[in-house]
J.: 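I have a structure I would like to understand better, so I am pasting it below and will then ask my questions one at a time.
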Amino acid sequence: MKMVRKMIKGGALAAACMLLFLAAVPREALGADAIDTSRTDCRMDFSLGSNYAGELNALSVPVTIYKIADVTASGAYKPDEKYEDIGLQNVSSSTTAEQWQAMAEEAARTALPKGVLSEVEVSKDEPKKLLVGEKPKDLEATTLTGGAGTISNLTTGMYLVAAFAVSSEQYTYYFAPYLVSVPGNDYYTMGSDSWLYDVTVTLKPASVRRWGYLRIIKNLSTYREGDTASFIFQVEGTKAADTVQAEEYKYSNVLQYRFDGPGTQNDLLIKLPAGTTGTVTEVGPGAGYRNTGAATQDFTIAAGDENSAQVATVTFTNEYDGGMNGGTSVVNKFTPESGGTLPNTTGQSETNTVSLLSDEPVDPDSIVWDWTQE
């Protein structure tokens, strides 16, 4: 008997070929046989793929699914009442990737508590995308361990898949909501018309750097009256390349405190990627003043905001040495006219910055610098 392939309104495999950012899953009702809608033993097998084997596979990723529509034997979708407005009953082989994405996001807004679906900027070069935020505490979900997981005993239909954000020490991973049809087939990938009631879903994460802070604290215990004491610090930091970010990150800056009396200053706060290590060296201890501790101190940046206990802190203490020679210093402030954005350093202008604080490496030679003397 001659097998005839039919393209029937309502399926899901063709859309998988269009949804490049999402997991490739069957999305077109193509097949020689009708769908067995009585099946209750369908299954979804989840994978994170091999690209994140070292970093993400070590995390536990919560995933949940929502059935939003039944499917007929011929492959048409019959949405649940609260999902009728997203347009599933009108899909066809001409439905675009953008339309599938919009339907997935609308389904997520309907299914998930308010605020779970949030807008996240993946990088400075990519537009903001709607991605699933952190899992609500009262929401049941399966958990992927070692990069894999399974949800069994499913009926046929269209499902919303929601994988929730997880964080490592240096990165947060976000997942877009998307739609998966059960059953599917491998017609476009393997040329097979057979319906697959066990569906494999490969999740596609987007990684975003986590950030932390370095604070430089300066104590001046004794002071020469009438003096203006300046203290200069050289900050050098490096974050090695890894499986997520292929380029090494470097930070280099010169900062200063000025004192007109004894006391403590602590408003030098530098934002750096989590995992950055480096040194702060007091290269200018101030004329007439001596450092009572180590002139160079190490730091390691942990993720956290500027008010958290994770802020890396280095402290330098100086005292008046009894001499009569005073002194001051000049710091040249460099700002880019074009080519990039300087790091966010609060309490002090950025100076002599070699690398820019961004997710993408920037060639310093491409930047046109302007400078003023402070």
J.: Rounded to the nearest 0.5 Å, what separates atom CG in D198 from atom CZ in R43?
T.: 4.0 Å

J.: If you measure only the distance, is there a donor-acceptor pair under 3.5 Å linking the side chains of D45 and T150?
T.: yes

J.: Can you find a heavy atom in the side chain of L196 that is under 4.5 Å from one in the side chain of P183?
T.: no

J.: In Å and rounded to the nearest 0.5 Å, what is the CZ to OG1 distance from R39 to T37?
T.: 11.0 Å

J.: Using the ring-ring contact (aromatic ring centres under 6.0 Å, His included) criterion, which residues pair with F316? Sequence neighbours excluded.
T.: F233

J.: Apply side chain to side chain contact (heavy atoms under 4.5 Å, CB included) to the pair W100 and L88, showing each step before the final yes or no.
T.: CA-CA 9 Å; W100 279 106; L88 268 179; 4.1 Å; yes

J.: Starting at CD1 of I68, measure out to OH of Y83 and round the result to the nearest 0.5 Å.
T.: 7.0 Å

J.: Ignoring hydrogens, what is the shortest heavy-atom contact between Q234 and S252? Give both atom names and the distance.
T.: NE2-OG, 3.4 Å

J.: Quick one: closest heavy-atom pair of L56 and P205, and the distance?
T.: CD2-CG, 3.6 Å

J.: Looking only at atom types and distance, does a side-chain atom of W195 sit under 3.5 Å from a main-chain N or O of D33, one as donor and one as acceptor?
T.: yes

J.: Can you tell me how far CD1 of I232 sits from CZ of R258, rounded to the nearest 0.5 angstrom?
T.: 7.5 Å

J.: Could you point out which residue of T276, V280, L269, L268 forms a side chain to side chain contact (heavy atoms under 4.5 Å, CB included) with L214?
T.: V280

J.: For S221 versus P262, what's the shortest heavy-atom pair and its separation?
T.: O-CB, 3.9 Å

J.: May I have all residue pairs that pass ring-ring contact (aromatic ring centres under 6.0 Å, His included) and include part of residues 259-285, sequence neighbours excluded?
T.: F231-F259

J.: How many angstroms lie between CD in Q265 and CD in Q256, if you round to the nearest 0.5 Å?
T.: 10.0 Å

J.: Output, in order, the C-alpha distance, side-chain angles, deciding distance and verdict of side-chain hydrogen bond (donor to acceptor under 3.5 Å, both in side chains) for T264 and N219.
T.: CA-CA 4 Å; T264 299; N219 298 317; 2.7 Å; yes

J.: Would you say the side chain of I301 lies within less than 4.5 Å of the side chain of P273, judging by non-hydrogen atoms?
T.: no

J.: Run the side-chain donor-acceptor check on residues 158-168: report pairs under 3.5 Å with partners two or more places apart or on a different chain.
T.:
from	atom 1	to	atom 2	distance (Å)
Y159	OH	T155	N	3.3
Y159	OH	T155	O	2.7
Y159	OH	T155	OG1	3.4
S167	OG	T172	OG1	2.8
S168	OG	E55	OE2	2.2
S168	OG	Q170	N	3.3
S168	OG	Y171	N	3.1
S168	OG	Y171	O	3.3

J.: Report the C-alpha separation of I35 and T72 in whole Å, then their side-chain angles, then the decisive distance to 0.1 Å, and conclude whether the side chain to side chain contact (heavy atoms under 4.5 Å, CB included) test is met.
T.: CA-CA 7 Å; I35 294 174; T72 66; over 6 Å; no

J.: Supply the atom-to-atom distance Q99 CD to S94 OG, rounded to the nearest 0.5 angstrom.
T.: 7.5 Å

J.: Is there a path of hydrophobic side-chain contacts, each under 4.5 Å between heavy atoms of I, L, V, M, F, W or Y residues, that connects L59 with F46?
T.: yes

J.: Quick one, V201 and S47 - any side-chain contact, counting heavy atoms below 4.5 Å?
T.: no

J.: For T279, what residues pass the side chain to side chain donor-acceptor pair (under 3.5 Å) criterion, not counting sequence neighbours?
T.: none

J.: Might you work through the side chain to side chain contact (heavy atoms under 4.5 Å, CB included) test for I270 and Y251, ending with a clear yes or no?
T.: CA-CA 10 Å; I270 307 169; Y251 178 89; 3.4 Å; yes

J.: To check you understand the geometry: which heavy-atom pair defines the closest contact between A241 and A246, and what is its length?
T.: CB-O, 3.2 Å

J.: Do any N or O atoms from the side chain of R215 and from the backbone of N266 form a donor-acceptor pair under 3.5 angstrom?
T.: yes

J.: Give every residue pair that meets the salt bridge (Lys or Arg N to Asp or Glu O under 4.0 Å) criterion with at least one member in residues 234-244, sequence neighbours excluded.
T.: K239-D242

J.: Compare all side-chain heavy atoms of T143 with those of V63 and state whether any distance is below 4.5 angstrom.
T.: no

J.: Could you note down all residue pairs passing salt bridge (Lys or Arg N to Asp or Glu O under 4.0 Å) where residues 74-90 supplies at least one of them, sequence neighbours left out?
T.: none

J.: Can you give me the closest heavy-atom contact between T300 and A312, atom names plus distance?
T.: O-CB, 3.5 Å

J.: Do the non-hydrogen side-chain atoms of R224 and Y289 ever get within less than 4.5 Å of each other?
T.: yes

J.: Side-chain heavy atoms under 4.5 angstrom apart, residues restricted to Ile, Leu, Val, Met, Phe, Trp, Tyr: same cluster for Y66 and V91?
T.: yes

J.: Within a strict 4.5 Å, meaning less than it, do heavy atoms of the Y213 and L272 side chains meet?
T.: no

J.: Does a side-chain heavy-atom distance below 4.5 Å link F175 with L48?
T.: yes

J.: Short question: side chain of E319, backbone of R290 - any donor-acceptor pair under 3.5 Å?
T.: no

J.: Considering only NZ, NE, NH1 and NH2 on the basic side and carboxylate oxygens on the acidic side, decide whether R210 and E169 come within less than 4.0 Å.
T.: no

J.: Can you list the steps and then say if T317 with L220 is a side chain to side chain contact (heavy atoms under 4.5 Å, CB included)?
T.: CA-CA 6 Å; T317 300; L220 186 59; over 6 Å; no

J.: With heavy-atom distances below 4.5 Å as the criterion, would you say the side chains of Y77 and S181 are in contact?
T.: yes

J.: Please find the pair of heavy atoms, one from A69 and one from P79, that lie closest to each other, and give the distance.
T.: CB-CA, 3.5 Å

J.: Does a sphere of radius 6.0 Å around CG in D305 hold more than 12 heavy atoms from other residues, nucleotides or ligands, not counting ones at 6.0 Å or beyond?
T.: yes

